A.B. asks: 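Shown below is the structure under consideration.
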Amino acid sequence: MRLPFVVQSFITTIGVVAIIAYGPQLISNSPPVREKSPSSLLHQHDSRKNIYCMALSVLTICLLLLRANIEPNPGPFPCRLCSVVPETIASSIRHQRFHARNRSYLYYCPSEDCLFRTSSFASLNFHVSVQHRETRHIDPVTTEKIFCNITVNSVNCDFTSTSLWEYVQHLCQHLNNGIRIRCPISGCPFPSEFAKQANFRSYLSQYHKKWRDEGCSIAKECLRSIPEHILDAPLNDSSADTVFNLNEESATDYQSNICCDLLDDQLILYSIAKFYLHMYAENLLPQETIQEICDSLSFLTEVVHSRIKLIVTRELQSLDIPQDKSHLLCLKILNADLLYSSHHKTSSSGPKFSSHYLRKQYFKDHFGFEEPKQINLEPDDPDSKNTLQYVSISQSLSKLLENPSIQQEVNASFDKRHEDTDEIRDYTDGTLFRSENHPAKEIHINLYQDSFNPVMNALGSAKNKYKDLVVYFTIANLRPHLRSLIDTKQLVLICRESVFKLFGAKKCLEELILELKQLESEGIFYKGEWVKVIVQFMLGDNLGQHCIGGFVENFSSSYMCRFCEITKEEFRLNPSLTKPSRTIEDYERNVEWADLSKKSVRGIKANCELNCLQYFHAVSNLPVCIAHDLMEGVVSWDLSGIIARFVCMKWFSYDLLNRRIENFKCLGIDSRNKPALVNKTGERLGGHAVQNWMMLRLLYFLVGDKIKDFNDPGWILYLQLKELCEVFCAPSFKTTQVPYIKDVLIPTYFEMRRSVLSQEEYKLKPKHHYMAHYPELMLKYGPLIHLWTMPFEQKHKFFKELLRKTRNFINPEKSCGVRQQMKFCYITSGTLFDFGFIETKPVPLSPQSYKGELAIFISSLNLKNSFESSKVLSCGVTYKKEDTIILSSSGNCIGIGIIKVITSRDDTLNLIIEQRQATFLPDKGIYKIDLDSQGKFNVISPNLLRYPVPHPVYQCQGMSCLSLKHSIIED
């Protein structure tokens with residue numbers, strides 16, 4: 001418990017006065033003492049005065065700690081990911097290695113007042129060795145004391161400590177002074193004494209492996225592990241030195257911290273296996289290449305062993321060691337090389353990595369690797385190539401739910417309660433989910449299906465030969481920004497698209513549907529209870545959604561919409577028209593008619609196989625994807641037509657626009673998706689979904705100076721399209737916004753489009769009609785940006801890169817399935833994501849380094865013991881100084897915050913921002929930041945931001961401007 005500042009100051013003042021008044025007398029009357037020399041305590045002549053000096057030193061340290069507002073007893077150091085409670089800092093960082101099994105793990109310093117974090121164990125070990133050298137082996141909770149029982153010159157050593165590590169260091173001082181010692185562990189039966197420090201340390205590391213982890217106690221049973229051949233050693237002066245005569249370098253402080261790990265065979269074998277798993281899953285090396293590496297390691301270790309054996313034997317013979325003993329010692333030395341033994345079948349027993357089969361067997365035993373199940377769609381023909389690779393959702397889900405970071409998110413979703421508000425933030429706030437009466441404890445999954453060609457740049461007959469259909473799943477209980485991560489998407493099914501079309505969805509999805517029904521009825525075992533698992537959505541592009549849902553896949557047909565029964569003629573007459581939504585009864589009736597007539601009825605040709613699930617139906621659980629419909633559809637076509645209009649009006653040329661695109665420097669998060677060059681044909685833009693989105697947002701910054709008339713209908717149409725994209729891409733919205741979107745924005749846009757773009761050259765597409773459904777779908781599904789498919793499509797890159805490197809086209813689906821499962825084991829061997837924050841070079845916060853009003857504001861805050869950094873990563877978002885974040889909206893103005901200082905203390909991250917106003921320029925579609933007046937400073941946590949992603953600020957025509965990614969909810 002921390003004391004108030006006044007009490008601290010009062011006690012400190014009394015302590016300082018006492019030190020000044022009585023300290024010199026006590027110290028002057030005491031004999032000289034060498035600093036930091038435990039052996040000097042043996043030569044004290046006046047024990048009473050020495051005790052006074054020690055007490056005075058302890059009092060001084062306590063007062064300084066109290067004055068600095070530091071708890072003298074901050075321990076112990078419980079693990080943040082499991083129930084283990086290490087007793088010391090050193091044991092805590094060693095324990096973290098058991099959790100750090102993938103590259104995403106973030107090591108942390110367990111000291112309460114230290115904010116150091118790193119992705120490298122070596123960096124953490126070095127930090128602890130330097131910054132916490134005096135306390136790293138101390139258990140701050142214990143009150144048990146250890147007394148030294150060594151007698152020197154008839155004087156008993158009066159050393160005492162609460163740290164076993166300090167006691168060992170003290171005993172090493174005796175050894176350096178030529179005094180023999182015995183093992184300090186209580187109950188240790190080893191009979192001999194030690195004369196050398198290196199032998200003593202080696203003995204502790206080998207036969208009392210946990211001595212550094214036990215804080216003070218020297219009597220714990222787990223420390224006693226002495227082999228019988230050691231107990232039978234002869235009792236002579238050199239016995240301990242003979243048995244433990246090892247390299248003295250092992251006695252250094254830095255290496256002693258990891259000595260226990262070096263003696264852990266399983267940990268070293270696990271590291272070797274992970275090296276191979278990394279080559280399979282991350283480097284995507286061909287199997288033949290990995291085997292060549294393995295054979296080379298086997299050959300090199302064999303050569304090295306021959307050399308070691310020759311040198312050691314020669315040296316032992318020079319020492320007149322008998323041949324049988326020298327041979328035995330060589331054998332023990334060589335058997336200690338796990339890299340050799342794991343690559344030679346004839347060596348000692350244990351795991352082997354000498355073949356692909358043995359490596360996979362180790363992955364199965366220690367990483368939970370499960371190969372995909374190959375399902376033959378023609379059971380009567382065992383040699384048939386019409387197969388698919390299936391990965392059990394239950395197995396993958398069970399493995400994911402063992403991950404601490406996944407558990408934290410799932411538990412939070414169980415405790416979440418629906419708020420009675422008009423703001424919609426996720427699918428759980430949508431009318432569809434709320435109408436289904438889901439239990440509080442339920443695991444939701446989103447499926448995704450898509451077809452892609454894993455062979456890049458395939459030509460001729462190979463263009464669609466290897467085209468595959470894949471199904472992924474992700475846990476929907478995760479927060480939206482975590483659901484978008486690639487590593488949260490796992491493979492369910494992969495097969496050749498031609499095979500899927502040949503056998504149909506019923507045959508190909510049979511195994512998947514049986515397992516989903518079982519998960520719905522029985523659930524999955526999670527934390528001592530069975531929890532139901534349900535499918536919330538099937539995501540995909542329009543072609544895939546219509547294929548799965550049983551709708552017609554020809555979008556030129558009369559009924560091209562899966563949401564309503566509008567005809568193409570009705571749509572062309574009134575583009576903003578939407579008919580009443582399809583119902584389950586209408587769907588089932590049309591399916592029956594289609595079965596009887598053997599042709600599609602009102603856009604439905606067959607039943608959806610997933611309709612047998614409890615909470616799923618084709619008319620309600622096949623949402624849209626704004627990446628395909630809006631960015632690659634409406635924006636690509638219409639913005640291309642708008643640009644073609646400006647070119648025809650000779651405001652600028654395609655060459656000028658493309659030249660400016662090439663020279664334009666995108667800032668911040670925009671730099672990842674720079675707009676693509678515009679096609680001169682004027683038919684559609686040349687980029688992918690996000691690049692088209694960037695072109696829409698940044699068009700004014702590119703050619704704003706060339707726009708001669710901001711009241712031109714083409715420019716107004718551009719501004720209307722930009723506004724539509726902002727509202728459809730919003731991560732949250734209010735229900736009161738929807739009528740304005742449906743009744744004003746969309747009809748106005750289609751009316752203006754009719755007058756600006758040629759209806760013959762720029763015809764309306766079915767995707768324009770899907771956009772008309774967006775307002776009602778926003779209410780039904782929640783923010784549409786959370787359901788787009790771009791994160792899933794990023795997953796395809798893994799398979800494309802794999803086939804490009806391995807060049808295996810005999811059974812590419814099996815290769816993809818096996819490697820994806822290895823990737824799954826690799827990423828689940830550690831935490832999938834970290835909930836803390838990573839700072840870049842944090843330094844103590846000093847208000848004196850700032851000037852003016854900012855320095856005054858920082859001084860007024862209680863930021864003692866705080867750190868500052870230039871950049872920080874928090875919840876997947878990077879913040880830097882001078883970044884701009886959106887705070888609020890009111891009318892034509894938005895409140896923004898310019899980050900001036902990034903501060904942290906303990907586990908709390910705060911941003912010191914300068915609040916300013918940005919005014920909307922309606923004729924340009926951007927916001928201008930007001931920099932003329934002095935801003936107001938404030939402190940805010942990134943976790944409290946409604947819109948946490950910074951918006952880049954561009955300098956344009958003498959103004960500091962920003963273009964919104966999405967609309968802002970008004971306060």
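Below, each value reflects all heavy atoms present in this structure, side chains not excepted, and no hydrogens, waters or symmetry copies. Everything quoted here is computed from the prediction, not taken from an experiment.
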A.B. asks: Heavy atoms only: give me the nearest G549-L622 pair and the separation to one decimal.
C.D. replies: CA-CD1, 3.7 Å
A.B. asks: Before you tell me yes or no, could you show the steps for N283 and H278 under side chain to side chain donor-acceptor pair (under 3.5 Å), namely the whole-Å CA-CA distance, both residues' side-chain angles and the distance that decides it to 0.1 Å?
C.D. replies: CA-CA 6 Å; N283 300 128; H278 188 274; 3.0 Å; yes
A.B. asks: Please check this pair: side chain of T474 against backbone of T488, looking for a donor-acceptor N/O pair closer than 3.5 Å.
C.D. replies: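 Yes.
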A.B. asks: Hey, are N403 and S405 close enough side-chain-wise for a donor-acceptor pair under 3.5 Å?
C.D. replies: yes
A.B. asks: How are the rings of Y472 and H796 set relative to one another: parallel (under 30°), tilted (30 to 60°) or perpendicular (over 60°)?
C.D. replies: tilted
A.B. asks: Could you tell me whether the side chain of N692 reaches within less than 4.5 Å of the side chain of L639, counting heavy atoms only?
C.D. replies: no
A.B. asks: Indicate yes or no: at least one non-hydrogen side-chain atom of Y466 is less than 4.5 angstrom from one of E813.
C.D. replies: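 Not in contact.
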A.B. asks: Quick one: are K605 and E553 in side-chain contact, heavy atoms under 4.5 Å?
C.D. replies: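 Yes; the side chains approach each other to less than 4.5 Å.
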A.B. asks: Between L285 and Y280, is there a side-chain heavy-atom distance shorter than 4.5 Å?
C.D. replies: no
A.B. asks: For H786 and Y427: C-alpha separation, side-chain torsions, deciding distance, then whether ring-ring contact (aromatic ring centres under 6.0 Å, His included) applies.
C.D. replies: CA-CA 8 Å; H786 299 331; Y427 72 95; 9.4 Å; no
A.B. asks: Below 4.5 Å, heavy atoms only, C-beta onward: do K467 and S498 meet side chain to side chain?
C.D. replies: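 SC-SC contact between K467 and S498 ruled out.
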A.B. asks: Between R819 and K814 (side chain of the first, backbone of the second, donor and acceptor by atom type, cut-off under 3.5 Å), is there such a pair?
C.D. replies: no
A.B. asks: Quick one: do the Q545 and H628 side chains pair a donor with an acceptor below 3.5 Å?
C.D. replies: no
A.B. asks: Contact between Y270 and Y362 at the side-chain level, heavy atoms closer than 4.5 Å - yes or no?
C.D. replies: yes
A.B. asks: For S451 and E497, which I'm curious about, is there any donor-acceptor pair between the side chains at under 3.5 Å?
C.D. replies: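 Distance-only check passes for S451 and E497.
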A.B. asks: Can you find a side-chain donor-acceptor pair between N673 and Q691 that sits under 3.5 Å?
C.D. replies: no
A.B. asks: Side chain to side chain donor-acceptor pair (under 3.5 Å), that's the test. Do E515 and S394 meet it? Break it down for me.
C.D. replies: CA-CA 8 Å; E515 188 172 17; S394 300; 2.8 Å; yes
A.B. asks: Would you kindly say whether N376 and T387 are connected by a side-chain donor-acceptor distance under 3.5 Å?
C.D. replies: no
A.B. asks: Please check if any side-chain donor atom of E442 sits under 3.5 Å from a side-chain acceptor atom of H444, or the reverse.
C.D. replies: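 On atom types as modelled, these side chains qualify, holding a pair under 3.5 Å.
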A.B. asks: Does any donor atom in the side chain of K797 or Q794 lie under 3.5 Å from an acceptor atom in the other side chain?
C.D. replies: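 Yes, Q794 and K797 have a side-chain donor paired with an acceptor closer than 3.5 Å.
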A.B. asks: Going by atom types only, do R562 and N542 share a side-chain donor-acceptor pair under 3.5 Å?
C.D. replies: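 A pair is found: one side chain offers a donor N or O, the other an acceptor, under 3.5 Å apart.
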A.B. asks: Which heavy-atom pair separates L802 from S815 by the least distance, and what is that distance?
C.D. replies: CD2-O, 3.7 Å
A.B. asks: State, yes or no, whether a side-chain contact exists between L512 and V492 at a heavy-atom distance under 4.5 Å.
C.D. replies: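 Yes - at least one pair of side-chain heavy atoms lies under 4.5 Å apart.
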A.B. asks: Measure up the F363 and F367 rings against each other and bin them: parallel (under 30°), tilted (30 to 60°), perpendicular (over 60°).
C.D. replies: perpendicular
A.B. asks: Tell me if a side-chain donor or acceptor on Y781 pairs with a main-chain N or O of F537 at a distance below 3.5 Å.
C.D. replies: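 No, because the side chain of Y781 does not come within donor-acceptor range (under 3.5 Å) of the backbone of F537.
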A.B. asks: In terms of ring plane angle, is the pair W637 and H768 parallel, tilted or perpendicular, where the classes change at 30° and 60°?
C.D. replies: parallel
A.B. asks: Is the count of non-hydrogen atoms from other residues, nucleotides or ligands lying under 6.0 Å from K364 atom NZ greater than 12?
C.D. replies: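 More than 12 within 6.0 Å, yes.
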A.B. asks: Counting only N and O atoms by type, is there a donor-acceptor contact under 3.5 Å from the side chain of E409 to the main-chain atoms of R479?
C.D. replies: yes
A.B. asks: Under 3.5 Å, side chain of S829 to main-chain N/O of Y826, donor-acceptor pair present?
C.D. replies: yes
A.B. asks: If you draw a 6.0 Å radius around NZ in K805, do more than 12 non-hydrogen atoms from other residues or ligands fall strictly inside?
C.D. replies: yes
A.B. asks: How many angstroms lie between SG in C725 and NZ in K965, if you round to the nearest 0.5 Å?
C.D. replies: 13.0 Å
A.B. asks: Looking only at non-hydrogen atoms, find the nearest pair between I486 and P791 and report the distance.
C.D. replies: CG1-O, 4.2 Å
A.B. asks: Will you find, in the side chains of S354 and H344, an N or O donor that is under 3.5 Å from an N or O acceptor?
C.D. replies: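 Short answer, no.
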A.B. asks: Which heavy atom of G876 sits nearest a heavy atom of L873, and at what distance?
C.D. replies: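 For G876 versus L873, the nearest heavy atoms are C-CD1, 3.7 Å.
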A.B. asks: Can you confirm whether more than 12 heavy atoms, excluding those of F809, are under 6.0 Å from its CZ atom?
C.D. replies: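 Count over threshold, so yes.
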A.B. asks: Can you list the steps and then say if F473 with Y448 is a ring-ring contact (aromatic ring centres under 6.0 Å, His included)?
C.D. replies: CA-CA 6 Å; F473 87 93; Y448 167 81; over 10 Å; no
A.B. asks: Less than 6.0 angstrom separating the ring centers of F555 and H546, yes or no?
C.D. replies: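 They qualify: ring centres under 6.0 Å apart.
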A.B. asks: Taking K767 first and then E632, would you say they form a salt bridge - that is, a charged N and a carboxylate O separated by under 4.0 Å?
C.D. replies: no
A.B. asks: Restricting to non-hydrogen atoms, name the atom on P731 and the atom on I785 that form the minimum distance, rounded to 0.1 Å.
C.D. replies: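 Nearest pair, atom of P731 first, then I785: CA-CG2, 3.9 Å.
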A.B. asks: Supply the atom-to-atom distance D629 CG to W788 CH2, rounded to the nearest 0.5 angstrom.
C.D. replies: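 Reported value, rounded in 0.5 Å steps: 12.5 Å.
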A.B. asks: Would you say that L469 contacts L493 through its side chain, given a criterion of any heavy-atom pair below 4.5 Å between the two side chains?
C.D. replies: yes
A.B. asks: For V499 versus C508, what's the shortest heavy-atom pair and its separation?
C.D. replies: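 Reported closest heavy-atom pair: O-SG, 4.3 Å.
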A.B. asks: Report the relative orientation of the aromatic rings in H769 and H773; use parallel for angles under 30°, tilted for 30 to 60°, perpendicular for over 60°.
C.D. replies: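 If you compare the ring of H769 with that of H773, the planes turn out perpendicular.
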A.B. asks: When you check the side-chain N and O atoms of Q287 and R359, is any donor under 3.5 Å from an acceptor?
C.D. replies: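 Looking only at side-chain atoms, R359 and Q287 do not form any donor-acceptor pair under 3.5 Å.
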A.B. asks: Decide if atom CG of L514 counts as having more than 12 heavy atoms of other residues, nucleotides or ligands within a radius under 6.0 Å.
C.D. replies: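 Check passes, neighbour count above 12.
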A.B. asks: H356 and Y276: side-chain donor and acceptor closer than 3.5 Å?
C.D. replies: no
A.B. asks: Would you sort out whether E371 and K360 count as a salt bridge (charged side-chain N to carboxylate O under 4.0 Å, His left out), showing the intermediate values?
C.D. replies: CA-CA 9 Å; E371 288 197 56; K360 284 202 305 183; 2.8 Å; yes
A.B. asks: Among side-chain atoms of E520 and Q614, is any donor-acceptor pair under 3.5 angstrom?
C.D. replies: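 No, Q614 and E520 have no side-chain donor paired with an acceptor closer than 3.5 Å.
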A.B. asks: Is a side-chain donor or acceptor of S396 paired with a backbone partner of S392 at a separation under 3.5 angstrom?
C.D. replies: yes
